[in-house]
Structures are given as structure tokens and as C-alpha cells.
Enquirer: 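Take a look at this one; I'll ask things after.
The sequence lines fix the lettering, A, B, ..., with proteins before strands; numbering per chain opens at 1.
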There are 2 protein chains.
Amino acid sequence: MTATRGPAAAGDGARRDTVATVVGQWQAVRPDLDTGPMEIIGRVNRCAALLQQAEDAPLRRAGLSRPEFDLLGALRRTGHELTPGDLARETFSSGAAVTKRLKQLTERGLVERRGDTRDRRVAHLRLTDAGRDLVDAVLPEQLAYERAVLSALDRDRQGELAGLLGELLSRLEGHMRTVRA
Amino acid sequence: MTATRGPAAAGDGARRDTVATVVGQWQAVRPDLDTGPMEIIGRVNRCAALLQQAEDAPLRRAGLSRPEFDLLGALRRTGHELTPGDLARETFSSGAAVTKRLKQLTERGLVERRGDTRDRRVAHLRLTDAGRDLVDAVLPEQLAYERAVLSALDRDRQGELAGLLGELLSRLEGHMRTVRA
DNA sequence: CAGCGATTCTTTACGAGTAAAACACGTGCT
DNA sequence: AGCACGTGTTTTACTCGTAAAGAATCGCTG
């Protein structure tokens, strides 16, 4: 019950972020509400938006959108062929979206498709040499860029943050699986 | 240089999250890369996706999308009229998107527009009574739902997480302002 | 082995966001 | 006054994702 306020812990002294401002406005207009959840969810959303925008820069140079790169990355990191369904699950997107992206990526010569001999409904996708080279060239740039952006936080804090997010995420994912929605 | 691995801190014992799995796959295929940034950025993105999906539930019941609610919320929390430009800045979306949303929301009778008497280019938007009532009815449900979802983390960890995210966010926002992109 | 339900993927129709152009006004300079 | 220029907003053309329907195929059952 003591919640309601508190960025808690974490050394102050930095600039007030936009979420803190928004929360402050809500408190002024609806002091009866416990705005605690906003301090996490609002920030996660805003961070995701800003990070994506930053992260997109190295990808755009390679002529790839993030979802496209996710798809190529899934093929690269698993190391074997995947079906469209696998790719949809792996990239958390709909089957239809995967179909469209695959169409473009095969046209660009980055992935190849091969029909299954046993079950003719399914296709197997793999990276072409060009696709593999592209991923291998872009990923290090990508990571370097991300590292630069995250350097806003020192190493210890990065570790703490990764740990907390991992804990939240693993429980969210577990919960989703049970609640089925 | 010692990075590369480590969820660090945070009591283990929970399930492995999907990001940890993905990072493990990358390590197996490209052990030369420092995948540290993924542990934060990947998780932020994935958490944002899952939280939004969850968060959308109470909103959908009210017939609102998240961006629509953000717009109404901006009007409610500032307490005064805003121009389309203000709303675009406040909700971090493009002017064009705001125009479209305003069109729908005014048609639904949730916001009203009033032309400026001095400068006839600008419009002033405010919530109608119905709009205000809707926000005031939905927001508490929204927050309750968010609180439930976040209860995956105990109170202390929530505070830590909010603090770390706030620190990261305030520096990211500061950086964006200087780099101007 | 014919048929029916389940699956795997693709297609279609549509809604929503974006960038860039267009539009409508103020402002200040000459 | 006349006119270029900047600003605030809307419109246009296009891209991308989704949900729902469709098409092809498998496997089981009578």
C-alpha cells in the first residue's frame, strides 16, 4: 500500500524521463489511482520504441526491416532448415506475415525453398550463401550499435536489468502458456 | 570482456525465457560474438510485445485501441485542450496518425474540436463528457490488469526494475535529443 | 479405398501507420 | 499592399500486418 510513488532504489541525479512526467500528470489529476504499473510498463514500451528506432539504423543500411532480419536470423541461429510454421513460431508473427516476407526474401535471393518429399504441404526454407553472408555481416554491426546505445548504463546495471527482465519475461511467458491468451 | 554470458544477479530457479534460448543458439553458431546486448534489448522488445497484448484486453472491451487510448489519456492527464501537434508530440506518433485517430474519436463523440480564433490553422481538442467518463472508467481497470500481470515480480524487484528502466530511458531520451535522430 | 476432419500454407480484403506532398494560414520584409 | 517563407494540419499513395477464407494435402476410420 505504500507503493503509488517511488522510482525506488537506483541513484537519482539523472534527468527525469518522460514517463515520470506523465505519471506526475496523472497523479495531479487522479491522485486516487495507484499509477505504479505505469512506471514499469510505460517505460518498457517507451524503451522498446526508442531502442527499435536506434536498432533499425544498421539494418536499414543493409536494406532489411527488423522483421525480415528476425526471419533470416532464425534460420541462421538454428543452423538447419525451417518450415514457414516454424518461422512463424520462432519470430512470434502470423503465418501470413511470414509468407509475405518469405516471398520477398526469396525474390532477393537471400533464402531458398525446397518442398518436403513426404508431406507436400510443407516447405523447407534455408539461407542462400548470400543470405548467410548478409546476416553474418550485419549482426556484428547491429550488436556494436546496441552496445553503444546501452552504454548509457554501466556494466553492473546492465546485468541487473537483464536479470530482472529475464525474470519478468520467463514468468510472463509461463503465464501466457497457462492462460492461453 | 568478461561479459558475453551472464544474466547476473537475480535469483535463479525460474524457467529459462525465450530470449535466453535464442542467445544460446547464437552462442553455439557464432561463439565469437558478444551477445550481451540481446539480453537486454531482446527482452525489452519481447516484454513490450507480451505486455501490450495483455494490456490490450481491458481496452478492447471498451472498444479502444491502445493508440486511441493514449490520445484520450493525453487529453485527460494534461487537463486542458491540446492541438493536434501537441497530441502528436505527447503520444510520440506522427501528425498524420493523430489526424486519423481524431477523426474517428470525434465521430464517436469522445472528443470535440474547436478552431482557434486567432490562428485559424490550429484546432483545439478536448474530451467530451462521454470521453472523460470513458477514460475514467477504463483507466482503473487498465491499471488493475497491469498490476496483476506485473505481480510476477515482487514489490522490491518491481521498484528496482522501474528504477533501472527509468535510468536507461532518461539517458536514451537525452541522447536522442542531442543526436537528433 | 472413399470420405472427413485436421494440418499447413497461401490468398484476399481490409485497417492502420508513414513519408511526402498539398493545403491553409500567419508573419515579417520591402 | 504584396509576397516569400515558415508553421500547423490534412491528404495521398503506399507498405505492412492481420483475420478470415481458401486450397492442398495428410491420415485415420469405417
Side-chain angles (χ1 to χ4, degrees), chain A residues 45-46 48-50 52-57 59-60 63-72 74-75 81-108 111-126 181, chain B residues 45-46 48-50 52-53 56-57 59-60 63-72 74-75 81-108 110-126 180-181:
Chain A
N45 286 332
R46 185 95 184 93
L50 287 177
Q52 293 223 13
Q53 180 181 331
E55 193 174 2
D56 282 351
L59 290 183
R60 289 235 175 278
L64 290 173
S65 71
R66 166 88 91 115
E68 286 168 340
F69 182 76
D70 281 351
L71 202 160
L72 297 178
L75 288 169
E81 294 180 333
L82 295 174
T83 69
D86 292 336
L87 284 167
R89 274 182 292 280
E90 208 66 45
T91 62
F92 305 105
S93 43
S94 72
V98 169
T99 297
K100 288 191 178 178
R101 290 199 279 260
L102 283 175
K103 190 174 165 196
Q104 295 191 110
L105 292 171
T106 50
E107 279 168 3
R108 283 200 246 167
V111 306
E112 276 174 346
R113 80 188 298 145
R114 173 181 76 76
D116 188 308
T117 35
R118 300 218 171 271
D119 185 342
R120 279 185 308 190
R121 286 170 302 182
V122 332
H124 296 273
L125 285 305
R126 68 168 159 245
Chain B
N45 286 333
R46 185 96 185 91
L50 287 177
Q52 294 223 11
Q53 182 179 329
D56 282 352
L59 290 183
R60 290 234 174 280
L64 289 173
S65 70
R66 165 88 91 117
E68 286 168 342
F69 182 76
D70 281 351
L71 202 160
L72 297 178
L75 287 169
E81 296 179 332
L82 295 174
T83 68
D86 292 336
L87 285 167
R89 274 181 292 278
E90 208 67 44
T91 62
F92 304 105
S93 44
S94 71
V98 168
T99 296
K100 287 191 180 179
R101 290 200 279 260
L102 283 175
K103 187 174 167 195
Q104 295 190 112
L105 293 171
T106 51
E107 278 167 5
R108 284 199 246 167
L110 298 174
V111 306
E112 275 173 348
R113 80 189 296 146
R114 173 181 77 75
D116 189 310
T117 35
R118 300 220 170 268
D119 186 340
R120 280 184 306 191
R121 285 171 302 182
V122 330
H124 296 272
L125 286 304
R126 66 167 161 247
R180 198 41 78 195

Enquirer: The side chain of A:Arg101 lies closest to which of these nucleotides: D:dT18, D:dT25, D:dG17?
Expert: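 For A:Arg101, the side-chain atoms sit closest to D:dG17.
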
Enquirer: Can you tell me the distance, in whole Å, between the CZ atom of A:Phe69 and the C1' atom of D:dC16?
Expert: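 Going from CZ in A:Phe69 over to C1' in D:dC16 covers 20 Å.
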
Enquirer: For B:Arg113 and B:Ala123, work out which heavy atoms get closest and say how close.
Expert: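 Of all heavy-atom pairs spanning B:Arg113 and B:Ala123, the closest is NH2-CB, 3.3 Å.
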
Enquirer: If you draw a 6.0 Å radius around CZ in B:Arg114, do more than 12 non-hydrogen atoms from other residues or ligands fall strictly inside?
Expert: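 Counting other residues, nucleotides and ligands, CZ of B:Arg114 exceeds 12 neighbours.
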
Enquirer: With heavy-atom distances below 4.5 Å as the criterion, would you say the side chains of A:Leu125 and A:Leu71 are in contact?
Expert: no

Enquirer: Quick one: which of C:dC25, D:dC16, D:dA24 gets closest to the side chain of A:Arg121?
Expert: D:dA24

Enquirer: Please report the distance, rounded to the nearest Å, between CG in B:Leu125 and C1' in D:dT9.
Expert: 11 Å

Enquirer: Quick check on D:dT10: is either OP1 or OP2 less than 4.0 Å from any side-chain nitrogen or oxygen of B:Arg113?
Expert: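 Indeed, a polar side-chain atom of B:Arg113 lies that close.
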
Enquirer: Here's a test of your reading of the structure: between A:Thr117 and A:Ser65, which maps to the more 5' nucleotide of DNA chain D?
Expert: A:Ser65

Enquirer: Expressed as a whole number of angstroms, how long is the span from A:Gln53:CD to C:dG17:C1'?
Expert: 15 Å

Enquirer: Roughly, in whole Å, what's the span from CG in A:Asp70 to C1' in D:dC16?
Expert: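 Nearest whole value for this atom pair: 15 Å.
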
Enquirer: I need the CZ-C1' distance between B:Arg120 and D:dT7, as an integer number of Å.
Expert: 16 Å

Enquirer: Tell me: CD of A:Glu81 to P of C:dT8, nearest whole Å?
Expert: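 So the two atoms are 17 Å apart, to the nearest Å.
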
Enquirer: If only atom types and distance count, is the side chain of B:Asp70 paired as donor or acceptor with the main-chain N or O of B:Pro67 below 3.5 Å?
Expert: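 Judged by distance alone, no pair lies under 3.5 Å.
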
Enquirer: Which one, C:dG26, C:dT11, C:dT10, comes nearest to the side chain of A:Pro84?
Expert: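 Output: C:dT10.
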
Enquirer: Check the phosphate of D:dT9 against B:Thr83, side-chain N and O only, distance under 4.0 Å to OP1 or OP2. Yes or no?
Expert: yes

Enquirer: Could you check which of D:dT11, C:dG26, C:dC9 has an atom nearest any side-chain atom of B:Thr99?
Expert: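 It is D:dT11.
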
Enquirer: Send over the distance from B:Asp119 CG to C:dC23 P, rounded to a whole Å.
Expert: 19 Å

Enquirer: Using whole Å, what does the distance between atom P of nucleotide D:dC14 and atom CD of A:Gln104 come to?
Expert: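 Atom CD in A:Gln104 sits about 16 Å away from atom P in D:dC14.
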
Enquirer: From C:dT10, C:dT8, C:dT12, pick the nucleotide closest to the side chain of A:Lys100?
Expert: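 That would be C:dT12.
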
Enquirer: If you look at every heavy atom in A:Ala48 and B:Asn45, which pair is closest and at what distance?
Expert: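 Taking A:Ala48 first and B:Asn45 second, the nearest heavy atoms are CB-OD1, 3.8 Å.
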
Enquirer: Think A:Ser94 has a side-chain N or O under 4.0 angstrom from the OP1 or OP2 of D:dT18?
Expert: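 It does, given that an N or O in the side chain of A:Ser94 lies less than 4.0 Å from OP1 or OP2 of D:dT18.
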
Enquirer: Examine D:dT25: is either OP1 or OP2 under 4.0 Å from a nitrogen or oxygen in the side chain of A:Arg118? Give yes or no.
Expert: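 No, no such contact exists.
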
